[in-house]
2 protein chains.
Amino acid sequence: MSNPSTQAGSAASRSPASPAPGRTGRGRPPRLDQARTIETALALLDDSGLDALTMRRLAETMGVQAGALYRYFATKDDLLTAMAERMVGEVAAPDGAAEWSERLSGLAGSLRQALLAHRDGARVFAGTHSTGPNTLGFADTGIGILRDAGFADEEAARALMAVTNYTVGHTLEEQAALCPGGGGPADAGVLRDAVTAGTYPHLTAALPALTSLDFTPHFEFGLGLLLGGLRALS
Amino acid sequence: MSNPSTQAGSAASRSPASPAPGRTGRGRPPRLDQARTIETALALLDDSGLDALTMRRLAETMGVQAGALYRYFATKDDLLTAMAERMVGEVAAPDGAAEWSERLSGLAGSLRQALLAHRDGARVFAGTHSTGPNTLGFADTGIGILRDAGFADEEAARALMAVTNYTVGHTLEEQAALCPGGGGPADAGVLRDAVTAGTYPHLTAALPALTSLDFTPHFEFGLGLLLGGLRALS
DNA sequence: ACCTGAACACCGTTCAAGT
DNA sequence: ACCTGAACACCGTTCAAGT
């Protein structure tokens, strides 16, 4: 975890030809490689969003034809998987000295931050399933925290899945609300109008909280519920 | 809730021209309408999945040219929003006599079932933001359960968001694991290989649980954590 | 070995024109 | 009022051919 050097992950290893594993000095140096492609793709994601991230635009940004990308990634999905794997590499390892519940909430919060660090990061993560070292390391760390706290293997696995699924679900909403036509400042008004047009007494009472753009307390409330439930089990 | 008659929701009302609101007997009866289009789109979704659900294929299925669909839905996203709204209409109203925690878990379980009822249902739901009556009714019901249980407005709102985000995040994983190349029986082997290739002691111990395809206990475990956390607050 | 050029089989969306 | 036909501006992916 917290690995700044790019690891493409196992998905990228399904590429058609392993690109220059032992680079000899012969031939022109390639203008493309996996790491630079992933980095450029993440920059393009930040600039333009997932819907505008096309193989053609990425190729143009890298000064190359679209077909050339397929020497390094078998499909666009493989590229997205490598991007997700790269993002998870930014998850910070939690403080080993802290209480298990603090370590676990730190891990979840760090995953959220890693996804928030890139536009549409949660959508990229939710749409892929990396089995690269960063993703496996994340899971091993999380399950380790819970096993060390005394939870059985199955409970530890299920608890980490719950925390991860909640974190991804929350961050998906958070990023959708924050930016485009997805539900941000524009959509708060739309929701307000729809609620007041109908007869939704509870929704009306909760509307200020529901349309708040301060997502961190929302995230921490839900995370606190999961941790509270876990504490009740131990 | 539990509304079998199709309501397109507010997103569909943004359509370019309101289609035949007061139908007079004059003119040919239209070959298209919102309700039939949504139904056909859901059937096509079940047959072929979200990636194969294109405006052109949907039009072909309905015996019409692709452009004709745009008289009823301004964009493909509006159609997907109406499909999500239709799916949420299948959520069952929880038993009003039961305990608040049972009503809330019943609501979450019913949302999961409504999403599982259609191939890629969770992806469609996660990718849209309906403000139609079914979706608003769902939220009003959930927040109402919590307010009636004594939770303050803000807590009730945050708790329902947590439960909903968890349910969507879980079901996204469940449907990804179940079907295509997404991570099903095929991907269990891939994960197993990746884990045993590296050195992930905790992951190895948890692998049987992680690769289990029996998702209902997984879902209920996480839901139980959220409810346990809520009980600790009340 | 690495990339180009060009093609294949598609997309979502628009809009004049027909009926 | 409702739909067709045809176009516009794109997609992901493949692959012979060049260097």
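The structure presented is a predicted model; accordingly, all values stated were derived computationally and were not measured. So that the names make sense, note that chain A is the first sequence line, chain B the second, and so on, each numbered from 1.
Here the nucleotide nearest the side chain of A/Thr75, chosen from D/dA7, C/dC3, D/dT13, is D/dT13. Candidate nucleotides C/dT13, D/dC3, C/dC2 were compared by shortest atom distance to the side chain of A/Arg71, and C/dC2 ranks first. When the nucleotides C/dC3, C/dT13, D/dC3 are ranked by their closest atom to the side chain of A/Tyr72, C/dC3 comes out on top. Between C/dC2, C/dG12, D/dC2, one nucleotide has an atom nearer to the side chain of A/Pro30 than all others, and that is C/dC2.
Between A/Arg57 and D/dC11 there is a side-chain N or O to OP1 or OP2 distance below 4.0 Å. For B/Gln65, a side-chain nitrogen or oxygen approaches OP1 or OP2 of D/dG5 to under 4.0 Å.
Along DNA chain C, the nucleotide closest to A/Val64 and the one closest to A/Arg56 are compared, and the more 5′ of them pairs with A/Val64.
When both pairing distances are held under 3.5 Å, C/dC8 makes a Watson-Crick or G-U pair with D/dG12. Using N1 to N3 plus N6-O4 or O6-N4 for Watson-Crick, or N1-O2 and O6-N3 for G-U wobble, each under 3.5 Å, C/dA1 pairs with D/dT19.
The interatomic distance linking A/Lys76 (NZ) with D/dC11 (C1') rounds to 8 Å, in whole Å. Counting to the nearest Å, the C1' atom of D/dA9 and the CG atom of A/Asp51 are 16 Å from each other. Put simply, CG on B/Asp33 is 9 Å from P on D/dC3, counting in whole angstrom units. The nearest whole Å value for the distance from the CD atom in B/Glu60 to the P atom in C/dC10 is 10 Å. Between the CG atom of B/Leu69 and the P atom of C/dT14 there is a distance of 13 Å, rounded to whole Å. Taking atom CE on A/Met55 and atom P on D/dC11, their separation rounds to 12 Å, with Å as the unit. The CG atom of B/Asp77 sits 18 Å away from the P atom of C/dC11 (whole-angstrom rounding). Spacing between atom OH of B/Tyr70 and atom P of D/dT4 amounts to 14 Å, rounded to whole angstrom units.
Considering CG of B/Leu226 and OH of A/Tyr166, their distance stands at 8.0 Å, rounded to 0.5 Å. For the atom pair A/Met161 CE and B/His218 NE2, the distance stands at 3.5 Å (nearest 0.5 Å).
A/Arg31 comes within 4.0 angstrom of sugar-phosphate atoms only, judged by non-hydrogen atoms across all strands, and of no base.
Between B/His170 and B/Phe219, the two ring planes are tilted [angle within 30° to 60°].
A/Thr196 places a side-chain N or O within donor-acceptor distance of the main-chain N or O of A/Asp193, the cut-off being under 3.5 Å.
Considering only heavy atoms from C-beta on, A/Glu85 comes within 4.5 Å of A/Pro133 through its side chain.
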